[in-house]
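Written below as structure tokens is the structure these notes are about.
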Protein chains: 2
Amino acid sequence: MSAPSHGWPTEETPLSAELLPDRVAAMLSRRISEGAIAPGTRLPTEQKLAALFGVSRNVVREAVARLRADGLVDARQGVGSFVLAPERRLAIRIDAAALGGEGMAQLFELRAILETEAARLAAARGTEAHLERIGAALERMRGEERWEEGSIDADLVFHREIAAATGNAFIETFVSFICERIRGSIRHARAINPIADLVEVNLGEHDRIYAALRAAAPDEAEAAMRAHLVGAAARVGVILKR
Amino acid sequence: MSAPSHGWPTEETPLSAELLPDRVAAMLSRRISEGAIAPGTRLPTEQKLAALFGVSRNVVREAVARLRADGLVDARQGVGSFVLAPERRLAIRIDAAALGGEGMAQLFELRAILETEAARLAAARGTEAHLERIGAALERMRGEERWEEGSIDADLVFHREIAAATGNAFIETFVSFICERIRGSIRHARAINPIADLVEVNLGEHDRIYAALRAAAPDEAEAAMRAHLVGAAARVGVILKR
DNA sequence: AGTGATCGCATCATCCTACAACTTGGAGGT
DNA sequence: ACCTCCAAGTTGTAGGATGATGCGATCACT
């Protein structure tokens with residue numbers, strides 16, 4: 001037993017539809033983020049990993065390359081790959097597994113923090129061009145009567161355009177990212193549990209936001225956005241505190 | 001000439017220290033995010049990319065694998081890799097190039113939104129264990145008299161622990177990520193322009209935050225955090241509006 | 001001629017082998 | 001004790017081979 005028992009029980013692969021490198025990367029990533037590999041320690045060599053996972057070294061390389069790109073490990077030629085401290089990460093990634101129950105509530109809370117402030121800033125700074133694009137998204141939503149793919153898309157655009165109206169590219173990126181993740185996880189639950197999510201309700205809330213933005217009223221925009229998010233969260237079974 | 005002139009001038013590589021796959025991925029990523037490749041269109045085949053960049057197909061594969069992991073392209077076996085709409089991205093990545101001037105101000109604004117709210121939540125929810133860890137970071141900072149590596153590290157821990165005290169894992173991740181990116185970009189400017197950034201100033205601001213958290217006073221915690229961030233931004237030459 | 005099944009082709013996914021570049025550590029000589 | 005050189009181990013890169021997959025063209029049958 002030369003390996004110091006890293007604890008690699010090969011983890012029977014649950015035959016997911018993902019590609020091999022993605023699976024390997026996901027497993028390693030989970031081990032690292034769970035602290036099962038302690039920062040500073042060295043990963044097994046690529047050859048050993050290949051043997052452990054039962055894949056070729058090329059597949060392992062793609063997986064490790066992704067970990068390196070995310071800043072989870074530091075691969076040094078001729079030495080090995082070392083686990084980095086978690087705060088060194090270079091990319092934020094949210095996998096669906098983290099959104100079960102409590103995770104979704106937390107993500108909604110983060111979303112609310114960003115979007116309420118985004119609404120406030122958009123009301124204060126949004127140009128006519130911005131407002132027109134927000135209005136266009138609203139109109140697209142108005143056309144549909146059921147809450148399905150088309151209107152959900154328009155909803156995302158609506159929120160993204162508000163974030164863009166802040167003039168802050170990072171706010172736009174982060175809000176868009178979070179909304180997209182929430183949408184992705186909702187789609188599954190929705191098919192099973194078709195909550196009464198009438199367009200009228202949503203439209204009323206959206207109209208209030210838009211009116212506040214048009215009126216350049218930051219306080220009202222923030223309040224309207226908060227009310228909308230509380231409602232949206234409730235509609236997917238999440239209670240948004242505060 | 002079968003290739004419909006994607007416009008691939010091979011882009012002479014500026015001999016950076018990065019690895020080959022990283023360089024290829026960065027080039028492709030830039031093309032995509034700049035819109036030079038229009039969503040929906042197909043990338044050249046891996047063989048052609050390998051020939052264009054003058055590298056092996058393996059290198060291209062690692063690069064494309066990373067793009068796919070980030071949600072920038074969708075690679076379908078036997079067909080090709082297609083560029084996705086920008087909002088479909090699965091990871092947030094901030095490269096240093098985006099932080100020149102205006103970028104840094106925008107990132108600070110985003111940071112302020114998150115951290116002021118985080119301070120408020122931490123004051124309301126933080127447990128004794130959380131507060132102790134925040135205090136420990138503060139003590140570590142107090143030991144140093146110059147603002148250098150050690151105290152900067154402690155500063156990061158201080159902010160991260162406050163985010164952790166919200167009990168929201170996503171807030172912790174996002175705040176930590178943003179602080180780390182700002183730190184990385186500051187380090188360079190700092191070496192050239194050693195702004196008067198005395199520890200006492202920083203400590204005073206931090207003490208105010210800590211006192212507010214101890215007192216479980218959300219409003220004061222938020223105000224103290226805002227004051228600190230305005231000061232921190234000013235010290236690196238960024239004016240934080242509002 | 002129209003329709004359906006079949007085949008071939010382009011492409012990605014995976015695997016394999018080999019070599020280059022780099023680091024480490026020890027053998028051996030000075 | 002110190003320096004030099006070399007051998008082993010590891011990651012980085014190259015190139016090819018093979019299987020899997022999706023698409024279009026061809027071909028046979030009606």
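The structure presented is a predicted model; accordingly, all values stated were derived computationally and were not measured. Chain A is the first sequence line, chain B the second, and so forth, proteins listed ahead of strands; every chain is numbered from 1.
The base of D:dG15 sits within donor-acceptor range of the side chain of B:Asn58, with an N or O pair under 3.5 Å.
At D:dT13, none of the side-chain N or O atoms of B:Ser56 fall inside 4.0 Å of OP1 or OP2 (strictly under the cut-off). Residue A:Arg61 places at least one side-chain N or O closer than 4.0 Å to OP1 or OP2 of D:dG12. Phosphate proximity of C:dT11 to B:Arg42: present, with a side-chain N or O under 4.0 Å from OP1 or OP2.
Taking atom CZ of A:Arg57 as the reference point, atom C1' of D:dG15 lies 14 Å away to the nearest angstrom. Between the CD atom of B:Glu46 and the C1' atom of D:dA14 there is a distance of 15 Å, rounded to whole Å. In this structure, B:Phe82 atom CZ and C:dC12 atom C1' are separated by 11 Å, rounded to whole Å. Here C:dA20 presents its C1' atom at 8 Å from CD of A:Gln77, a figure rounded to the nearest Å. Regarding B:Gln47, its CD atom lies at a distance of 13 Å from the C1' atom of C:dA13, rounded to whole Å. Straight-line distance from the CG atom of A:Asp74 to the P atom of C:dC22: 16 Å, rounded to whole Å.
Side-chain atoms of A:His159 and A:His206, non-hydrogen and from C-beta on, do get closer than 4.5 Å to each other. B:Thr166 is not listed as a side-chain neighbour of B:Glu172, based on a closest heavy-atom distance of 4.5 Å or more.
Aromatic ring orientation, B:Phe177 versus A:Phe174: tilted (interplanar angle from 30° to 60°).
Along DNA chain C, the nucleotide closest to A:Val79 and the one closest to B:Arg68 are compared, and the more 5′ of them pairs with B:Arg68.
If you check every strand for non-hydrogen atoms under 4.0 Å, B:Val55 touches sugar and phosphate atoms only. Counting any heavy atom pair closer than 4.0 Å across all strands shown, A:Arg76 reaches sugar-phosphate atoms only and no base atom.
To the nearest 0.5 Å, atom OG of residue B:Ser81 and atom CZ of residue B:Arg68 are 8.0 Å apart.
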